[in-house]
Amino acid sequence: MRTAILITYNKEDIINEAKGLCDAAGYRIVHTIKQNFLKKPKFGISKEVLETLDEMAEKLRPDVIVFDEILKPSQNYNLASVLHREILDREALILEIFESRASSAESKLQVKLAQLRYEMARAKEKVRLSSMGEQPGFMGIGKFEVDVYYNDIKHRMQTIKQKLEKAGKQRELHRQGRKRLGFKIISLAGYTSAGKTTLFNKLTGETRDESSELFTTLSTTIRRLEIDEEIFLISDTVGFISKLPAYMIDAFKSTLEELSYSDLIIVVIDIADSDFELKKKFTSCMRTLSELGINKDKLVFAMNKADLISTEEIDEKIKFLNLLENKKVISISAKKGLNLLQLNQLIKGILENNQINSDNLGVKETFGN
Ligand SMILES: Nc1nc2c(ncn2[C@@H]2O[C@H](COP(=O)(O)OP(=O)(O)OP(=O)(O)O)[C@@H](O)[C@H]2O)c(=O)[nH]1
Ligand SMILES: [Mg+2]
């Protein structure tokens, strides 16, 4: 396993998430440096901390240095020239995870596009630096090569975008097909590691990858779900995460897009989280859902991992999230199969009383009859 020194903020939830990301990307952390501030202009960190870091790196010889913030290309360059090691900022780390997890052709293209966007931002900076004559041989390349490199990235992005457009049209056709068959669509949403795939597998009898690592799922899978002989379609989606750069959410829009075409969304929440984490993840989920333009009436809240805490604690957490009055809240355990029949009944009840939603799929009918 490759090793990393982690530089992160001095806050427990952030440290845990950063550790989770390193773990998911396949790095073993050999040392952690915690800081209150990571946005100093030149290196992100102060000169003194940089010196300590340099010493640690000499001693521990990690494969990479993970910097849990978004670094400017110049900062990345400055750090690399002192430390002589690969520096991965938060974005690069998330991209590595996405790259290793993407399984469908479409999600691979999306990852590639996000990587090129990341490179593009850096190419722009290289062009700027070399045209200012500040760093003529920036990273060993001159202005002409930088221009060629920049145009090459642009061209490759264009090609990928075209392929993605095609794939998008394909998905639209599938969606229309499903609509014509009259099936209601249910989607799973929620923060990464909440237990969406576990629930999906339990409800449908599927055996998809579920794990404690972050971002296990990177493309949507749709299966049928039968409740009292009535057939619904259910789809698993990629997990949300806080501080995900906008263009990455954009890159995975197509997997999240399924949500906006759903008749009902099960928001899976890890109820065993501490109050602080619970609130943070819940807020992040709700924000993403609202950014996708999703109507609140379509949401069902599944308080998952109920096997890990007491009934009293569950009630307190539901109250804490201001969901006490909400009739669409249910505590479950996907892993232990607790309350899943009740969840099915809740889903069915809502979908049956909710004819309006099915006419509101937002799909343009481009087929002739
Ligand atoms: N104790 C307990 N663990 C659970 C339960 N549901 C899921 N888990 C565990 O939580 C971890 C994450 O589960 P996943 O189903 O992969 O989570 P996910 O929401 O699909 O995660 P991403 O695909 O990364 O977004 C796994 O280790 C599961 O075994 C539950 O009801 N109880
Ligand atoms: Mg999953």
Side-chain angles (χ1 to χ4, degrees), residues 16-26 93-104 107 110-111 186-223 225 234-244 248-249 251-256 258-259 265-274 277-278 280-282 284-286 288-289 292 299-311 313-314 317-318 329-344:
N16 286 338
E17 187 164 285
K19 285 186 172 166
L21 290 173
C22 287
D23 197 38
L93 184 66
I94 293 176
L95 280 172
E96 275 201 2
I97 302 170
F98 279 2
E99 186 180 16
S100 64
R101 299 292 154 83
S103 56
S104 71
S107 58
Q110 283 160 346
V111 172
I186 301 162
S187 288
L188 294 167
Y191 209 81
T192 179
S193 267
K196 299 177 293 297
T197 303
T198 310
L199 181 60
F200 180 82
N201 288 346
K202 262 284 177 357
L203 292 177
T204 62
E206 260 287 303
T207 47
R208 297 197 72 203
D209 269 2
E210 46 186 83
S211 78
S212 55
E213 284 178 10
L214 302 168
F215 299 117
T216 316
T217 309
L218 275 180
S219 62
T220 328
T221 313
I222 301 177
R223 291 281 171 272
L225 169 67
I234 182 164
S235 78
D236 186 14
T237 51
V238 58
F240 308 152
I241 194 160
S242 65
K243 278 217 275 178
L244 197 62
M248 275 197 217
I249 295 186
F252 287 89
K253 245 219 214 97
S254 73
T255 59
L256 294 177
E258 205 62 44
L259 293 174
I265 295 165
I266 307 173
V267 182
V268 183
I269 295 164
D270 183 345
I271 194 81
D273 270 335
S274 69
E277 294 255 328
L278 189 67
K280 190 186 85 175
K281 294 179 183 176
F282 184 72
S284 159
C285 276
M286 296 308 281
T288 312
L289 288 170
L292 288 165
L299 307 182
V300 169
F301 298 93
M303 303 300 175
N304 191 33
K305 310 198 185 179
D307 53 303
L308 297 177
I309 58 172
S310 70
T311 329
E313 281 175 301
I314 295 172
K317 304 238 181 193
I318 293 175
V329 177
I330 183 166
S331 70
I332 62 161
S333 167
K335 198 168 171 178
K336 299 266 154 75
L338 264 171
N339 256 359
L340 299 188
L341 286 177
Q342 286 82 342
L343 173 65
N344 276 347

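Counting starts at 1 for both ligands and their atoms, in listed order.
Heavy-atom proximity to Gly239, at under 4.0 Å, picks out these atoms of ligand 1: 25 (O). Near Glu210, the atoms of ligand 1 lying under 4.0 angstrom from a non-hydrogen atom of the residue are 15 (O), 16 (O). Atoms of ligand 1 found under 4.0 Å from any heavy atom of Ser333 (numbered from 1 in listed order, with element): 30 (C), 31 (O), 32 (N).
If you check which protein heavy atom lies closest to atom 11 (C) of ligand 1, you get Ser211 O, 3.7 Å. For atom 1 (N) of ligand 1, the closest heavy atom belonging to the protein is Asp307 OD2, 2.9 Å. With respect to atom 8 (N) of ligand 1, the closest heavy atom belonging to the protein is Lys305 CE, 3.6 Å.
A donor-acceptor contact closer than 3.5 angstrom is absent between the side chains of Thr216 and Glu213.
Both the backbone and the side chain of Thr198 come within contact range of ligand 1, each with a heavy atom under 4.0 Å. Only the side chain of Asn304 comes within 4.0 Å of ligand 1, judged by heavy-atom distances.
In this structure, CD1 on Ile271 lies 5.0 Å from CE on Met303, to the nearest 0.5 angstrom.
Looking at Ala306 next to ligand 1, no N or O pair under 3.5 Å apart turns up. Residue Ala194 has at least one N or O atom closer than 3.5 Å to an N or O atom of ligand 1.
Each protein N, O or S atom less than 2.8 Å from the Mg ion (ligand 2) was counted, giving 2.
Here the side chains of Ile269 and Asn304 are not in contact, with every heavy-atom distance at 4.5 Å or above.
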